[in-house]
J.: 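Here you go, one structure.
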Amino acid sequence: MPPPVRSSSRCSKWHKLLSGQCGPATSGGAFLNLQPRGLMQYNDLEKIRVEKVNRLRASGSNPYPTRAHVTHTAAQAIAAFEAAEAAGNGEVITVCVGGRLRSLRAMGKLIFAHIEDRSGRVQLFLRVNELGEQALQQFREDLDLGDFIEARGNMFRTRSGEVSVQVQEFALLAKAITPLPAAKDEVVDGQVVRHASLSDPETRYRQRYADLAINPEVRQIFRTRGKIIQALRQFLDERDFLEVETPILQPIYGGAAAKPFVTYHNQLKQNLYLRISFELYLKRLLVGGLERVYEIGRDFRNEGVSYKHNPEFTQLEYYMAYADYLKIMQMTEEMIAFVCQRVLGKLTFTFDGQTIDVTPPWRRVDLRQGLIEATGIDIAACPTAESLEAAMRARGMNPKPGQARGKLIDGLLGDYLEPTFIQPTFLYNYPRDISPLAKSMPDDPTTVERFEGFIGGMELCNAFTELNDPFDQEARFLEMGRAYAAEDEERHPMDEDYLQAMRYGMPPNGGFGMGVDRLTMLLTGQRTIREVLLFPHLRESSD
RNA sequence: GGGCGUGUAGCUCAAUGGUAGAGCAGUGGCCUUUUAAGCCAUUGGUUCAGGGUUCGAGCCCCUGCACGCUCACCA
């Protein structure tokens, strides 16, 4: 915390609204007039504020001064006063606070106002006795809700008990032309209560800055998101992982079954793909001796959007030499519990009305057993797509004809298992044909050592014992090429360089991928991915 | 892509096919310790866009756009 300011002498260069004695108006700004804003018109409310800007400039005041003189956040100012009050030595706490003007109650020769900064709010108290008629009038006439201002004065407690700044000087820091959408805020027990607020989701996402400015709980979601990513890094860093960055623009995409975005490099005259996963590049690094690597970054998938899908999303992947999927499973429980504890301070949270407990160990469900119990179908007894499709039809299901066996199984677990996994659950041992990068089980070549983690009925992560046999890997690529030949965009392209890397020798390893957005949804209680993305994808606006 | 729904003042929302309204915000006035401040007065509209039906459309019909829910798609 910075020390309280005890003197006003340092404020000789203070941009004074009070006296109108600020420096020269910047860049001819004094002669700016009400200009058309592109093709848009200012609305009536904005025109009033634009006129205020013009008036301020004409009088020699700068509505957008270059520097501020803030010494304390709102919370620091209040804490400093309360500490002095508790010490009882009568120390005067002088502060300069800055922030957005969020409430304004002018009462004749008195003004109460609140400013809000990153730490919260503090009340400003302005009285004609200290400021004079002219300054008080300027505060009322020149300033509007939403403006950024700074105010200097001594901390004190009002009659009704609120720790406030008794303002001796104030300055406009940045004029807001467009009024914030919130109609009115009330502070009850330190909580901001909005009585009418911006709620239209389209406006909230398109103008996220306005949403953030007026909805504190939205800011909180993104603070939590930052903490989650911090905690993930800490967990892996503490375990001797190296954070790396691999190409987003890739000549050959891979590592997942998804349609890519295609772009074009003009000079190289070459198509490039935005990555759909990090996997193949990260595993190359294991060949190079970086035995534990992770990356947190963006993946891009050219597919439908939904409450849990956005075209670009944040992924964590890590690869760990000499580990297998059971080790990764255990680390996953530990990692999520660690993050949850760090971010929420406990191992439980509420999601979609359900209390979720991430305390290890998590429930583990064998995929084949799980499907037998949920559907009565034993996939081991249906070794072909035809036999499995017949078994599904025999139970009244209506699968799309001609799907590969793996796709059918994937559909079954999506329909009958995933929605039931509310509490943290690992589903493990997947069919080989939907897992072309995972290693087969030693005693069952049709099944691979792979698991997915589910929470809240939602897939959270995917991991396996990584395939490191270049002969097997080449065969899988060829199989996938055939399997997906009809669905051209989704086929796995042969990545010769990846195979070349593997031929140098890749240590056995376990790999892990997780949707960071979905983890954020869980830990912030949001049901749609858009609420945890600062700028979710929207269609182009048609105005 | 399919189905259902929504779109009205800066924000949140009303309005049987018959003069488009309220609260908040804004503007003007009163008020020296307020807490969604209060009281008085008052401004503010291409009813998403474009067609159509009708004497008359915010409302009914058609087309388009955006958003929401849902299905499909989706390691």
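Per chain, numbering begins at 1; letters A, B, ... match sequence-line order.
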J.: So what does A/Asn462 touch, heavy atoms closer than 4.0 Å: a base, only the sugar-phosphate, or nothing?
T.: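 Base contact.
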J.: Counting heavy atoms from C-beta on, name the nucleotide in B/C67, B/U33, B/A75 closest to the side chain of A/Phe156.
T.: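 Closest of the options to the side chain of A/Phe156: B/U33.
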J.: Could you pick out which residue, A/Thr203 or A/Arg518, lies toward the 5' side of RNA chain B when each is mapped onto its nearest nucleotide?
T.: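 Result of the comparison: A/Thr203.
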J.: Hey, are A/Arg450 and A/Asn462 close enough side-chain-wise for a donor-acceptor pair under 3.5 Å?
T.: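 Yes.
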J.: Please tell me whether A/Arg105 and A/Gln123 have a donor and an acceptor in their side chains that are separated by less than 3.5 angstrom.
T.: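 Judged by distance alone, the side chains do pair up.
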J.: If I pick the C1' atom on B/U19 and the same atom on B/C59, what distance separates them, to the nearest angstrom?
T.: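 One C1' to the other, the span is 16 Å.
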J.: Using purine N1 to pyrimidine N3 plus N6-O4 or O6-N4 for Watson-Crick, or N1-O2 and O6-N3 for G-U wobble, both under 3.5 Å, which nucleotide pairs with B/G50?
T.: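 In the structure as shown, B/G50 has B/C62 as its Watson-Crick or wobble partner.
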J.: How far does the P atom of B/G23 sit from the matching atom of B/C62, given to the nearest Å?
T.: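 Straight-line distance between the two P atoms is 37 Å.
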J.: Distance between the P atoms of B/U53 and B/C61, in whole angstroms?
T.: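 B/U53 and B/C61 have their P atoms separated by 15 Å.
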J.: Rounded to the nearest Å, what distance is computed from the CG atom of residue A/Asp144 to the C1' atom of nucleotide B/G26?
T.: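 The distance from CG of A/Asp144 to C1' of B/G26 comes to 9 Å, rounded to the nearest Å.
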J.: Among the candidates B/G44, B/U35, B/C11, find the nucleotide nearest to the side-chain atoms of A/Pro181.
T.: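 Looking only at heavy atoms from C-beta outward on A/Pro181, the closest nucleotide is B/C11.
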J.: Checking A/Gln403 against A/Glu389 for the side chain to side chain donor-acceptor pair (under 3.5 Å) test, could you report, in this order, the C-alpha distance in whole Å, the side-chain angles of both residues, the deciding distance, and whether it holds?
T.: CA-CA 9 Å; A/Gln403 288 191 95; A/Glu389 194 178 318; over 6 Å; no
J.: What is the distance, to the nearest angstrom, from the CZ atom on A/Arg140 to the P atom on B/G28?
T.: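 That distance rounds to 9 Å.
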J.: Between B/C73 and B/G3, how far apart are the C1' atoms? Round to whole Å, please.
T.: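 Per the computed distance, 15 Å lies between those C1' atoms.
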J.: With rounding to whole Å, what would you report as the distance between B/U8 and B/G44 at their C1' atoms?
T.: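 Nearest-Å result for B/U8 against B/G44 at atom C1': 14 Å.
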J.: Whole-Å distance between B/U32 C1' and A/Leu126 CG?
T.: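 Taking atom C1' of B/U32 as the reference, CG of A/Leu126 is at 12 Å.
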J.: Starting the side chain at C-beta, find the nucleotide from B/C11, B/A66, B/U33 nearest to A/Arg159.
T.: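 Out of B/C11, B/A66, B/U33, the nucleotide with an atom closest to A/Arg159's side chain is B/U33.
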J.: What integer distance in Å separates A/Glu141:CD from B/G28:P?
T.: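 Those two atoms, CD and P, are 8 Å apart.
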J.: Does A/Arg539 put a side-chain nitrogen or oxygen below 4.0 Å from OP1 or OP2 of B/C65?
T.: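 Checking A/Arg539 against B/C65: no side-chain N or O falls below 4.0 Å of OP1 or OP2.
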J.: Base, sugar-phosphate alone, or nothing: which one does A/Gln123 contact when heavy atoms must sit under 4.0 Å apart?
T.: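 The residue A/Gln123 makes base contact.
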J.: Does a donor on one side chain and an acceptor on the other come within less than 3.5 Å for A/Asn509 and A/Lys283?
T.: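 A/Asn509 vs A/Lys283: no donor-acceptor pair found between side chains.
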J.: Partner of B/A20 by Watson-Crick or G-U wobble geometry, both contacts under 3.5 Å, or none?
T.: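 Checking every strand shown, B/A20 finds no partner, since no pair has both distances under 3.5 Å.
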J.: Could you tell me whether A/Glu116 and A/Arg102 have a side-chain N and a carboxylate O separated by less than 4.0 Å?
T.: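 Here A/Glu116 pairs with A/Arg102 in a salt bridge, since their nearest N and O are under 4.0 Å apart.
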J.: Taking 4.0 Å as the cut-off, does a side-chain nitrogen or oxygen of A/Lys407 come that near to OP1 or OP2 on B/C74?
T.: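 Answer yes for this pair, as a side-chain N or O of A/Lys407 is under 4.0 Å from OP1 or OP2.
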J.: Please report the distance separating the P of B/C11 from the corresponding atom of B/A25, rounded so that it comes out in whole Å.
T.: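 After rounding to an integer number of Å, I get 15 Å for this pair.
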J.: As a test of reading the structure: which of B/A25, B/C69, B/U32 is closest to the side chain of A/Leu145, going by heavy atoms?
T.: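 For A/Leu145, the side-chain atoms sit closest to B/A25.
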J.: If you check the A/Arg105 side chain, which of B/C74, B/U32, B/U35 turns out closest?
T.: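 Ranking B/C74, B/U32, B/U35 by closest atom to the A/Arg105 side chain puts B/U35 first.
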J.: Distance alone, cut at 3.5 Å: any donor-acceptor contact between the side chains of A/Asn154 and A/Thr94?
T.: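 Indeed, the side chains of A/Asn154 and A/Thr94 share at least one donor-acceptor pair under 3.5 Å.
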J.: Could you tell me how far apart A/Gln137 (CD) and B/G28 (C1') are, to the nearest whole angstrom?
T.: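 That distance rounds to 14 Å.
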J.: Take atom CD of A/Glu162 and atom C1' of B/A36, then tell me their distance rounded to the nearest Å.
T.: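 Atom-to-atom, A/Glu162 to B/A36, this comes out as 14 Å.
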J.: Assign A/Ile111 to base, sugar-phosphate, or nothing according to its heavy-atom contacts below 4.0 angstrom with the strands shown.
T.: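 Result for A/Ile111 = nothing.
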J.: What is the separation between atom CG on A/Asp415 and atom C1' on B/C73, rounded to the nearest whole Å?
T.: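 Interatomic distance, CG of A/Asp415 to C1' of B/C73: 13 Å.
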J.: Check whether any side-chain nitrogen or oxygen of A/Arg49 sits under 4.0 Å from OP1 or OP2 of B/G10, and answer yes or no.
T.: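 It does not, given that no N or O in the side chain of A/Arg49 lies less than 4.0 Å from OP1 or OP2 of B/G10.
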J.: State which of B/C67, B/A75, B/U35 makes the closest approach to the side chain of A/His114.
T.: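 Closest nucleotide among those given: B/U35.
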J.: Below the 4.0 Å mark, does B/U12 have OP1 or OP2 next to a side-chain nitrogen or oxygen of A/Ser199?
T.: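 Affirmative; the distance criterion is met.
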J.: Using the side-chain heavy atoms of A/Leu45, tell me which of these nucleotides is nearest: B/A75, B/G10, B/U34.
T.: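 Given the options B/A75, B/G10, B/U34, the side chain of A/Leu45 is closest to B/G10.
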J.: Going by the ring-ring contact (aromatic ring centres under 6.0 Å, His included) test, name the single residue among A/Trp362, A/Phe421, A/Phe426 that passes it with A/Phe451.
T.: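 Single pass found, and it is A/Phe426.
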J.: Please tell me which of the listed nucleotides, B/U32, B/G44, B/C67, lies nearest to the side chain of A/Asn129?
T.: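 Of all the options, the side chain of A/Asn129 is nearest to B/U32.
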J.: Heavy atoms under 4.0 Å, any strand shown: does A/Phe125 hit a base, just sugar-phosphate, or nothing?
T.: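 A/Phe125: base contact, heavy atoms under 4.0 Å.
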J.: Round to the nearest Å and state the distance from A/Leu143 atom CG to B/G26 atom P.
T.: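 My rounded result for the distance is 13 Å.
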J.: What is the base-pairing partner of B/G1, counting Watson-Crick and G-U wobble geometry with both distances under 3.5 Å?
T.: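 Because both required distances fall under 3.5 Å, B/G1 counts as paired with B/C71.
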J.: Let's see if you can work this out: which of B/C67, B/U33, B/A25 has an atom nearest to the side-chain heavy atoms of A/Arg127?
T.: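 Taking heavy atoms from C-beta onward, the closest nucleotide is B/U33.
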J.: Across all strands shown, which nucleotide pairs with B/C30 by Watson-Crick or G-U wobble geometry, both distances under 3.5 Å?
T.: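 Base-paired to B/G38.
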J.: Between B/A22 and B/U34, how far apart are the P atoms? Round to whole Å, please.
T.: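 Here B/U34 and B/A22 have their P atoms 32 Å from each other.
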J.: Roughly how far apart, to the nearest Å, are B/C65 and B/U27 at atom C1'?
T.: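 Straight-line distance between the two C1' atoms is 35 Å.
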J.: Examine the side chains of A/Gln315 and A/Ser277 and answer whether a donor and an acceptor come within less than 3.5 Å of each other.
T.: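 Result is no, nothing qualifies.
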J.: Where the side chain of A/Thr158 is concerned, which of B/G68, B/A75, B/U33 is the nearest nucleotide?
T.: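 Closest nucleotide among those given: B/U33.
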J.: Heavy-atom nearest nucleotide on RNA chain B for A/His309 versus A/Lys109: which residue maps closer to 5'?
T.: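 Nearest nucleotide further toward 5': that of A/Lys109.
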